[in-house]
Amino acid sequence: MLLSDTVTDQRRSHSLCHKSPGLAKLCTGVHKNNGTNLQVHLLFLLMKDPHWLDKLNPPQRQAVTHHRGPLLVLAGAGSGKTRVLTHRIAHLIEVGGVSPDSIVAVTFTNRAADEMRHRVDALIADQGDAAKIIISTFHSLGARLLRSYAPRLDLDWNFSIYDDADQRRLIANLLRRGDQEQGRSEVRQKQSYIDACKNRGQTPEQAQEEAFDQKAEAQAQFYADYQQALYHAGAVDFGDLIMLPLLLFRRDPGFARRLSEQWQYLMVDEFQDTNPAQYELLAHLTSAHDNLAVVGDDDQAIYRWRGADATHILGFEKAFQSTQVVKLEQNYRSTALILDAANDVIAHNDQRHPKQLWTERPRGESIVLFTGSDDREEASFVAESIFDQIRKGAAPQDFAIFYRANAQGRLFEEQLRQWGLNYRIVGGLSFYDRREIKDVLAYLRAALNPYDDIATSRVINTPRRGVGATTLDKLQAALAIDGVEHLQDAAELIDADVPAQSDLFSTGPKDLIQREAFEALRSLRGVSRRGVANFLEVLDATRDDLLHFESLRPVVERLLERIAYAEHIEKDDPDVAEDRLLNIGELISAIEEFESDSATPALLDAVRQAIPDEADDPLTTSEASLRLRAFLDRSALVRQSNDDHPDGAVTLMTIHGSKGLEFDTVYLVGMEEGTFPNLRHGDEPEKLAEERRLAYVAITRAQNRLFITNARRRRVYGQFKDTSPSRFLLDISEEHLHVDPRSTVDGVNFGKHRHRGFSSSSSQRTSSAGQSLYFDQSSDGFDDLSFNQAPPDWDLEVDDTLVDDYADDYEGPADADGDDILGATVSHSRFGVGEVLSISGDGDDALLKIDFVTVGQQTVIRKFLKILG
DNA sequence: GGCACACGAATTTTT
DNA sequence: TTCGTGTGCC
């Protein structure tokens, strides 16, 4: 280890700590015991370095071997960020002799956590040690804490975790009950208000204190009501997974301190994405020490809309005194040219931590640009291009398609399928969001947590059992009755023996309402009454099973049988029944996998630990129940199942989803104003800056090749809308771009940019000159240009031969003649791609026998084929 | 209570 | 274009 390695670049950018007294206050408790640093360091020097240490570059090594005290690693894209974190963990254990269970590494996504877990496992000799390290997302860590310490918050230890949709249902219920304005946008507005409060670490009381007008007061009041309703349902939402542990720490700093003493080494990945609540949580967790190592890149801050605050990373050195700062600026991932392009784009943002990414890698291939005449053509270009490369020997898993919004994925999915390519979609409608999965999980939730009214109301009439809106209304109304707290109570009351003079009704003004609700409930007859009874039976039977089985699988299978779910699916929509049944099968596999997973026992222990001594309820403490509890937690937090294609697949995902990943070849699609950047009229500059960082993230995912595509027309809500190229695309130096000959446009620019006096697209787009011109435009109303009414003109002289060659639909006439077509690759609009086996007849009407990739052998008429060569 | 139909609104991005 | 909600009829 060289001494010079530890010399840190002390240049610091402006810090925001001093501007925020609250933050500064928060920080003061955090740095201590620096006196021991030197000793420990010397001890470190005496120990033998593991063999992998010399594979790291000097700054990486510096970060890895840093032991105690705050550490800030400013890691540019592809600079070995995860490598540093994982090696640092290994170094702490193997060289520093640190106990593995005192290390906690926090990430933002489950994927990142999994990845880190794998890599740490590979570095650490003793797998028993490896398993003791806590590597988790913020939310999982929060869930784990809550599960263990719920009683301290007077929260039922058996709480459910509400996802987005559950949250919205609860909000909608509350609005209805409060006779407030309803409707989707109102629900969303309330939801984002509540989330924003929780992201800031603000309780309803604090929100109320800070409310200075009536509207704000009403909002805060709603937040309070909502929290009350959650509590009543024995549930927490995503925000609570951070917020409630935080409350716990605020109320009992001693408790936080004890935890902090246990967790001696904290590491946070993607630190630029922390929100204030998470930041405060970290402050509490380091109250007994200051061993906080954070890694991040302010250029990759893309979660501001979710409350993330990049000032945490920008002001870290100020907040934590004697922070060691390490900058990782060497990029190992991308070719020089791709890196240049990324730098071109991000250079337009100010307010960055100054850094300069560089690489030793060669220049590499040009970035390919393709502009389709419409979005479908764009998608088919991408599919064909990938198909070609795979045919030449590339592996499907080397390719990724990135888009701004999930909805864009569909077209690409269609085209990939057409070309017979395997693909996997990351994000979007996740596995656990599928209706059939949510149904089954809701049953299980309703069985395990009878207070969970959202789960109960979801499945009380699924499959149909005669419990419609009217009956549900009666059940809801019955909640007014004293002693009837939850829907399941109400359901039970229908058939219960109630003495005429029961104390069910207290005296008071509510008496009449209660009595009416009671009568309405008891007057239920026929299918409705039987339906409710049947529902309760199903839950009871499932609870019974939870007592008598150890494994979850039979519990779920018997449930499915009991409610005849397969038949229900079949009847509901035969077209998709098969898919849904497969999904159910996958759910069962996921449960089994979970039960046999090596990490599960630790989870179960955490849940077990939470069971209060007085809880002797055999149901909630049975083995199967514990497993179910843990599985439900996980299914709420882990959004997708691992259904990776065995033989490799092309990856489709949003740019947000791509962060932290890398691919040999990246297709960045939909590069048009309005789509990406995705802006609405009147958006502020910071939003644009975030979009720009998003572009930076996307470009820097590519290792060797980058394709950028867009379309001159795009369907929005089924209507074609004209587009213009993304400003981010225009920021990339033209000498880095190569326009694909099949492109509809013979250059980068299309549409109005020509009208702005740019004779040639290249002259105005080089670096700073391009920037000023560009932004001059925007200041005189760029928004008007791109997002609103005025469609751009398409007055380009396009090379017709090129356009025809590509723009012809697949149904167009075949464009090769003679018999050399035997063995050729062709494409058909319905069957996709195939190989010509034989020909009979001639001309456009000739019959061709084709072996299609997707559907096998078919005979088709030649004019419906496109010859690909 | 359940179904079929019409209408209107809607798209960021995720734990 | 697709989704979810509301309406009117059986």
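Numbers restart at 1 for each chain; the letters A, B, ... are given by sequence-line order, proteins then strands. Bear in mind the structure is a predicted one, so any value in this text is a computation, not a measurement.
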* Could you go step by step and tell me if A/H348 and A/R727 meet the side chain to side chain contact (heavy atoms under 4.5 Å, CB included) rule? -> CA-CA 11 Å; A/H348 291 293; A/R727 63 188 79 187; over 6 Å; no
Listing time: all N or O pairs from protein to nucleotides 4-8 of chain C that are below 3.5 Å?
none

* Go through the steps to decide whether A/R435 and A/D573 satisfy the test salt bridge (charged side-chain N to carboxylate O under 4.0 Å, His left out), and finish with yes or no. => CA-CA 12 Å; A/R435 197 193 311 169; A/D573 188 348; over 6 Å; no
* Asked: Going by heavy atoms in the side chains, are A/D240 and A/Y231 under 4.5 Å from each other?
  -> no
* Check whether any side-chain heavy atom of A/N275 lies under 4.5 Å from a side-chain heavy atom of A/R306, and answer yes or no. =>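 No, too far: nothing below the 4.5 Å cut-off.
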* Would you say the ring centroid of A/H656 lies under 6.0 angstrom from that of A/Y303? ->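 Yes, they do, as the ring centres are separated by less than 6.0 Å.
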* To do: Could you tell me whether A/F138 contacts a base, only the sugar-phosphate backbone, or nothing, with contacts defined as non-hydrogen atoms closer than 4.0 Å?
  =>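 Counting heavy atoms under 4.0 Å across all strands, no contact is made by A/F138.
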* To do: Considering only atom P, compute the distance from B/dT11 to C/dG6 and round it to an integer number of Å.
  => 16 Å
* Between B/dT13 and C/dG4, how far is it from one C1' atom to the other, in whole Å? -> 22 Å
* Structure fact -> Closest to the side chain of A/R306, out of B/dT11, B/dT15, B/dT13, is B/dT15
* Asked: Is the shortest side-chain N/O distance from A/S140 to OP1 or OP2 of B/dT15 below 4.0 Å?
  ->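 No, no such contact exists.
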* **Contact residues, residues 404-414 of chain A to DNA chain B [heavy atom, < 4.0 Å]** => A/R404, A/A405, A/N406, A/A407
Provide a list of protein-nucleic acid N or O atom pairs under 3.5 angstrom, restricted to nucleotides 1-7 of chain B.
residue : atom : partner : partner atom : Å
B/dG1   : OP1  : A/T470  : OG1          : 3.4
B/dG1   : OP1  : A/T471  : OG1          : 3.1
B/dG1   : OP2  : A/A469  : N            : 3.4
B/dG1   : OP2  : A/T470  : N            : 3.0
B/dG1   : OP2  : A/T470  : OG1          : 2.7
B/dG2   : OP1  : A/G466  : N            : 3.1
B/dG2   : OP2  : A/N461  : ND2          : 3.4
B/dC3   : OP2  : A/R464  : NH1          : 2.7

* Asked: Is the charged tip of A/R168 near the ring of A/Y162: under 6.0 Å from the six-membered ring centre and within 45° of its axis?
  ->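 Verdict for A/Y162: no cation-pi partner in A/R168.
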* Please assess A/D439 against A/R458 for the test salt bridge (charged side-chain N to carboxylate O under 4.0 Å, His left out), listing each intermediate value before the final yes or no. => CA-CA 7 Å; A/D439 282 348; A/R458 180 183 178 95; 3.0 Å; yes
